[in-house]
There are 2 protein chains.
Amino acid sequence: MRSKLARPLPLYARAKQALMQKLGSGVWRAGEKLPPEPALAASLGVSQGTVRRALDDIAKANLIVRRQGRGTFVAEHTQARALFHFFHLVGDDGRRALPGSRMLSLKAGPATRDESQRLGLAPSARVVRLQRLRLLEGAAAIVERIVVPAALFQGLDVRDRADLPNELYKLYQDRFGVSVARAAERLKAVAASPEDAAYLGLRSGAPLLEIDRIAFALDGRACEWRVSRCSTHRHHYVSEVV
Amino acid sequence: MRSKLARPLPLYARAKQALMQKLGSGVWRAGEKLPPEPALAASLGVSQGTVRRALDDIAKANLIVRRQGRGTFVAEHTQARALFHFFHLVGDDGRRALPGSRMLSLKAGPATRDESQRLGLAPSARVVRLQRLRLLEGAAAIVERIVVPAALFQGLDVRDRADLPNELYKLYQDRFGVSVARAAERLKAVAASPEDAAYLGLRSGAPLLEIDRIAFALDGRACEWRVSRCSTHRHHYVSEVV
DNA sequence: CATCTTCTATCTTATAGAAGACTATGCGCT
DNA sequence: AGCGCATAGTCTTCTATAAGATAGAAGATG
């Protein structure tokens, strides 16, 4: 919302928008190589320096990866990326480990009011819900409740119940072409419900860290709502603040 | 830890280091204006473009503020900065408010093992400890325990007990020349101790969000250890993940 | 296997103009 | 003379382009 005159964005910002739009529209798939800088510059009608600035900006948001001598590539949801960018629970000894998963339930249905509001969907649009138990170093540590819009994930189905991979974001990207670009998390301390407690082997009322996350796709639309209730006896959530 | 040959850092990175060092050594005080780009470039023996890149990097870490037409200034710990960069508790309605403070205690003493380890001090170096109760919208919401190395804050004293300001980081900067540049936070859900519960008006054992933060000065040394135990009934901790 | 070439991104410098912010000047008016 | 105001000038950062040197990666060639 610019106040004075509607000044046009600087050229590099418009170039960035154009590139982002291409990324979002799936012109280049995950892991693919983008055209070299001079080619992009020519196709956008700007200088190489300008396209460079745009690419650097996008790389800073982890949407592309630049490798000297090789080229610029669309970011993939690798295990390492999941571990370092999207999973913030760390062992108290400082070691990071990706949690294992045990599927508890998967079913589809119309969205509740909360769900459609949080995901920005039409009232009672169809959603798919799943629940998982996640294991850290073998022990149950997180109860996870996930809601996704059915429209974005056509074909995600009860039949998938058995063989959903551990890393859902990679699945979203590979099978449905939905790349999670960023996420907003809200944390609270809550008391374990009797159900939570049973899953995690704690007494009811034990303090749990609740991570409430909305994940956004490249085009900015919300694509997942995930609530994770974590036991933080041997782990903690890390956050860097600058 | 670079693996192959010890390649020199690129010029802009060395320029950044040189500038950071000057910032850390207090050549320019908080709020002061840095020399214009061409002057800096000349003094460092690099081109204006290179110094620009270094300055942009530093600005991205919120250590300086650049204003077109006016100049480049050393960042100050304003209220807004405290609110947006260093205080992550937000009301469930989305509104941010800086908490008020009520001092509970302030005393000096030799560091415990934990304290000297977390702050990177010699064993049993002198530290100052303070405890505060913090209020959100008038209601007690956070119990805060703060430990700082006495060496960095010469003259911080029991006599200050009454009139310590709400925003400590501004005090650190203005009175002691210690600028908090970044911080690392570790979050856990814990059960309220009887003492916590009494301060916060909760029952003992209620779930609290514990924020354990080490703050680092410009030169990279730890300058504060702060543990905040927060009631998250009406508030939550926000975290953006890219 | 070693070397060379080619393609790529990265680094560095230089130049020019646009735009924001502040100061000083000068002009008209009272 | 003194006041108010527009304008010009100057200093600053910001934007944009260009060009060449550097360095990593890969394949072709000897």
Side-chain angles (χ1 to χ4, degrees), chain A residues 1-20 22-23 28 31-76, chain B residues 1-20 22-23 27-29 31-76:
Chain A
M1 211 59 61
R2 54 189 57 256
S3 48
K4 308 290 182 63
L5 268 111
R7 268 207 312 117
L9 286 169
L11 197 48
Y12 69 86
R14 276 175 286 163
K16 177 180 170 182
Q17 286 186 333
L19 291 168
M20 290 283 274
K22 283 203 181 188
L23 278 172
W28 307 299
E32 261 184 12
K33 183 172 173 301
L34 269 58
E37 291 179 358
L40 285 175
S43 87
L44 294 173
V46 300
S47 76
Q48 182 179 350
T50 300
V51 94
R52 244 185 93 62
R53 169 139 191 202
L55 288 172
D56 282 342
D57 274 10
I58 299 174
K60 214 154 290 154
N62 296 309
L63 269 31
I64 58 177
V65 177
R66 320 196 68 194
R67 275 182 289 205
Q68 184 173 355
R70 298 200 45 197
T72 302
F73 302 83
V74 182
E76 271 185 295
Chain B
M1 213 59 61
R2 52 189 59 255
S3 49
K4 307 291 182 65
L5 268 111
R7 270 207 312 114
L9 286 168
L11 197 50
Y12 70 85
R14 278 175 285 164
K16 177 180 170 183
Q17 286 186 333
L19 291 168
M20 291 282 274
K22 284 204 180 187
L23 279 172
V27 180
W28 307 299
R29 276 169 307 195
E32 260 184 14
K33 183 173 172 300
L34 267 59
E37 292 177 358
L40 286 174
S43 87
L44 295 174
V46 300
S47 76
Q48 182 178 351
T50 300
V51 94
R52 243 185 99 62
R53 169 136 189 205
L55 288 172
D56 282 342
D57 276 10
I58 299 174
K60 213 155 291 149
N62 295 310
L63 268 31
I64 56 177
V65 178
R66 320 196 67 194
R67 274 184 289 209
Q68 183 174 355
R70 299 203 45 200
T72 302
F73 302 83
V74 182
E76 274 184 294

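We name chains A, B, ... by the order of the sequence lines, and we start the count at 1 in each one.
Between B:Met20 and B:Leu63 the shortest side-chain heavy-atom distance falls below 4.5 Å. The closest side-chain heavy-atom distance from B:Thr72 to B:Lys33 is not below 4.5 Å. Using a 4.5 Å cut-off on side-chain heavy atoms (C-beta onward), A:Phe73 and A:Glu76 make no contact. The side-chain heavy atoms of B:Arg52 and B:Arg66, taken from C-beta on, include a pair separated by under 4.5 Å. The shortest side-chain heavy-atom distance between B:Arg29 and B:Val74 does not fall under the 4.5 Å cut-off.
Taking both residues in full, the closest heavy atoms of A:Leu44 and A:Ala15 are given as CD1-CB, 4.2 Å, listed atom of the first, atom of the second, then distance. Across A:Val51 and A:Glu37, no two heavy atoms sit closer than the pair CG1-O, 3.8 Å.
The shortest distance between the side-chain N/O atoms of B:Arg52 and the OP1/OP2 oxygens of D:dC14 is below 4.0 Å. Residue A:Arg67 places none of its side-chain N or O atoms closer than 4.0 Å to OP1 or OP2 of D:dG24. OP1 or OP2 of D:dT13 has at least one side-chain nitrogen or oxygen of B:Thr72 nearer than 4.0 Å.
Residue contacts shown for B:Glu37 are limited to sugar-phosphate atoms, with no base heavy atom under 4.0 Å away.
The side chain of A:Pro38 sits closest to C:dA9 out of D:dT13, C:dA9, D:dT15. Checking C:dT10, C:dG20, C:dC11 against the side-chain heavy atoms of B:Arg53 singles out C:dC11 as nearest. When each of D:dA16, D:dA26, C:dA9 is scored by its nearest atom to the side-chain atoms of A:Tyr12, the top-ranked nucleotide is D:dA16. Across C:dA9, C:dC22, C:dA18, the shortest atom-to-atom separation from the side chain of B:Gln68 is found for C:dA18.
At whole-Å resolution of the value, CG in A:Leu9 and P in D:dA16 are 10 Å apart. As a whole-Å value, the separation of A:Leu40 CG from C:dT10 P is 13 Å. D:dT13 atom P lies 6 Å from atom CZ of B:Arg66, rounded to whole Å. Counting to the nearest Å, the C1' atom of D:dC14 and the CZ atom of B:Arg70 are 16 Å from each other. D:dC14 atom P lies 14 Å from atom CG of A:Asp57, rounded to whole Å.
B:Leu11 is linked by a side-chain contact (heavy atoms from CB on, under 4.5 Å) to B:Arg14, B:Val46, B:Thr50, counting only residues two or more places apart in sequence or in another chain. Under the side chain to side chain donor-acceptor pair (under 3.5 Å) criterion, B:Gln17 pairs with no residue at all, not counting sequence neighbours. Every side-chain contact (heavy atoms from CB on, under 4.5 Å) that A:Lys60 has, sequence neighbours left out, goes to B:Lys60.
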Quick one: which protein N/O atoms are closer than 3.5 Å to N/O atoms of nucleotides 17-20 of chain D? Pair and distance per line, please.
{"from": "D:dT17", "atom 1": "OP2", "to": "A:Ser47", "atom 2": "N", "distance (Å)": "3.4"}
{"from": "D:dT17", "atom 1": "OP2", "to": "A:Ser47", "atom 2": "OG", "distance (Å)": "3.3"}
{"from": "D:dT17", "atom 1": "OP2", "to": "A:Thr50", "atom 2": "OG1", "distance (Å)": "2.4"}

Report each atom pair, protein N/O against N/O of nucleotides 6-11 of chain D, whose distance is under 3.5 angstrom.
none

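Direction of the helix axis in the helix from C:dC1-D:dG30 to C:dT30-D:dA1 shifts by 20° between the two five-pair termini, rounded to 10°.
Each of A:Leu19, A:Leu55, A:Asp56 was scored for a side-chain contact (heavy atoms from CB on, under 4.5 Å) with A:Ile64, with one residue passing: A:Leu55.
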